[in-house]
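These notes concern the structure reproduced below.
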Amino acid sequence: MKLGIVGLPNVGKSTLFNSLTKAGAESANYPFCTIDPNVGVVTVPDKRLDVLGEMYHTKKIIPAAIEFVDIAGLVKGASKGEGLGNQFLANIREVDAIVHVVRCFEDSNIVHVDGSIDPLRDIETINLELIFSDLEILERRIAKTVKLSRNDKAAAKELELLNRIKAHLEENKMAKTFETDDEEEREWMAGYNLLTAKPVIFAANVAEDDLADDGANNTKVAAVREYAKREQCEVFVICAQIEQEIAELEDEEKKMFLEDLGLEESGLEKLIKASYHLLGLISYLTAGEPEVRAWTITKGTKAPQAAGKIHSDFERGFIRAEVVSYADLMACKTYAAAREKGLVRLEGKDYVVQDGDIMLFRFNV
Ligand SMILES: Nc1nc2c(ncn2[C@@H]2O[C@H](COP(=O)(O)OP(=O)(O)O)[C@@H](O)[C@H]2O)c(=O)[nH]1
Ligand SMILES: [Mg+2]
């Protein structure tokens, strides 16, 4: 699962990316951290793992991870090939969701490409490029479908859909706000892999002073929030510069630093968790002395497929799963006590695994 960090030049994308990957690299247990200068693996903070680690006197804790990509160079005209624009747009097409960084901080030393701080104008500049790129895809598809639609009913239906989406985008609206109840249409649409259909989180990059009250007194942040609500996106207030400083600190120092700022967790931690959520991901856990680990699944995954994340044999030979929820285990303090109270359940192949389930799989191959 991959998230792309997008935004205009000089808004703080690379600063955010660097602090994300630095924070991710802290977990030495994760086998790979920086794949490529622009791609980083970031571990998903999960306090439950530390608690289980203590409970089981664990040697090793392996958190869940997601990838972030720093996608540079989106400028006005990108969809017309300006500044390697097409290549960057292609990079965005490969991600599952977008973190759109918008500049809400003032700093006369850092030039804004359009000369002033105006996050809504910036968002629209970027969105227009994404929309233009999507329109190009739709037009190509329409040209192909027109021919087929003459003697193919399904193609005629698809052509009608393509034209409807096109009209929607031409009103400067994102594909994600295009609505259809028709299952077939939804499948077609997913197949187009439109940029503007991807889930978006806005990261409002503010000055340090705006952190403690979460940007409540910043009218520019308020404008972003209002826009995001209309477009069904989430907003996170961060200060990329501070995050970079925090990422350099040891755990204890970090805690004190955050307390001084009046924060419980870093903006980065919040952002990573929200991104995980945005991708529709949850974690089930496995716990034992050798290892406590979070396994990433999409919401709605059933037990055998969840088991398959560990090993394909677990899925193939799945018999049943022994499950206790994290909350129940905590309430009972030990696995044995949870079992006595009947809170350790035996679940079959139709069980839908929940976030925080502690699982033990029985299988036979
Ligand atoms: N004052 C201030 N400067 C920042 C902040 N975030 C980034 N910058 C600075 O803005 C400049 C551009 O940042 P960078 O991350 O390279 O932007 P990018 O072009 O979007 O990747 C750098 O000099 C950063 O140090 C911030 O939150 N506050
Ligand atoms: Mg950059």
Side-chain angles (χ1 to χ4, degrees), residues 2-24 34-40 42 67-78 82-85 87-92 95 98-127 129-130 200-221 223-224 235-249 257-258 260-263 265-272 275:
K2 255 197 220 177
L3 285 114
I5 302 178
V6 308
L8 286 176
N10 271 354
V11 297
K13 295 183 299 297
S14 297
T15 310
L16 181 66
F17 174 81
N18 290 336
S19 38
L20 277 167
T21 46
K22 192 161 282 159
T34 310
I35 295 173
D36 179 287
N38 298 323
V39 185
V42 172
E67 275 179 35
F68 278 87
V69 191
D70 184 5
I71 298 169
L74 266 194
V75 290
K76 208 175 280 174
E82 199 69 42
L84 293 178
Q87 188 191 316
F88 296 123
L89 289 162
N91 291 342
I92 303 176
V95 302
I98 291 171
V99 175
H100 186 157
V101 182
V102 281
R103 179 164 163 183
C104 297
F105 69 88
E106 304 273 354
D107 188 333
S108 54
N109 293 318
I110 294 151
V111 176
H112 188 291
V113 282
D114 288 316
S116 62
I117 308 301
D118 182 347
L120 285 192
R121 175 201 58 204
D122 293 358
I123 289 173
E124 259 156 37
T125 302
I126 294 284
N127 281 357
E129 295 307 325
L130 304 183
V200 177
I201 292 180
F202 288 107
N205 192 9
V206 299
E208 184 178 343
D209 299 343
D210 281 328
L211 270 188
D213 67 358
D214 209 29
N217 283 316
N218 184 322
T219 52
K220 289 176 175 144
V221 174
V224 175
V235 181
F236 275 81
V237 169
I238 50 146
C239 173
Q241 211 170 33
I242 291 286
E243 293 303 336
Q244 194 167 31
E245 286 172 33
I246 295 176
E248 314 256 349
L249 300 176
F257 192 92
L258 287 173
D260 281 347
L261 287 170
L263 304 173
E265 56 182 354
S266 73
L268 230 44
E269 284 171 325
K270 273 191 263 178
L271 181 68
I272 297 169
S275 305

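As the structure lists them, so they are numbered: ligands from 1, and atoms in each ligand from 1.
- In terms of heavy atoms, V99 sits closest to S275 at CG2-OG, 4.3 Å.
- Within the protein, the N, O or S atoms lying under 2.8 Å from the Mg ion (ligand 2) are S14 OG.
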Compile the donor-acceptor pairs under 3.5 Å between side chains in residues 210-218 and protein atoms, sequence neighbours left out, one pair per line.
from, atom 1, to, atom 2, distance (Å)
D210, OD2, N218, ND2, 2.8
D213, OD1, G215, N, 3.2
D213, OD2, N217, ND2, 2.9
D214, OD2, R225, NH2, 3.3
N218, OD1, K220, N, 2.8
N218, OD1, V221, N, 3.2

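- T21 has its side chain out of reach of D70: every pair of non-hydrogen atoms, C-beta onward, lies at least 4.5 Å apart.
- Between Q241 and F105, the closest side-chain pair of non-hydrogen atoms is not below 4.5 Å.
- Considering only heavy atoms from C-beta on, L3 stays 4.5 Å or farther from V95 through its side chain.
- Results of the side-chain contact (heavy atoms from CB on, under 4.5 Å) test with L268 over I242, V42, L20 single out L20 as the only residue that passes.
- Annotation: ligand 1 has protein neighbours L8, P9, N10, V11, G12, K13, S14, T15, F105, D107, I110, N205, V206, C239, A240, Q241, each with a heavy atom less than 4.0 angstrom from the ligand.
- The list of salt bridge (Lys or Arg N to Asp or Glu O under 4.0 Å) pairs with a residue in residues 108-127, not counting sequence neighbours, reads K76-D114.
- Side-chain contact between E243 and L271 is absent, with no heavy atoms from C-beta onward closer than 4.5 Å.
- Not one N or O on the side chain of E106 forms a donor-acceptor pair closer than 3.5 Å with the backbone of I117.
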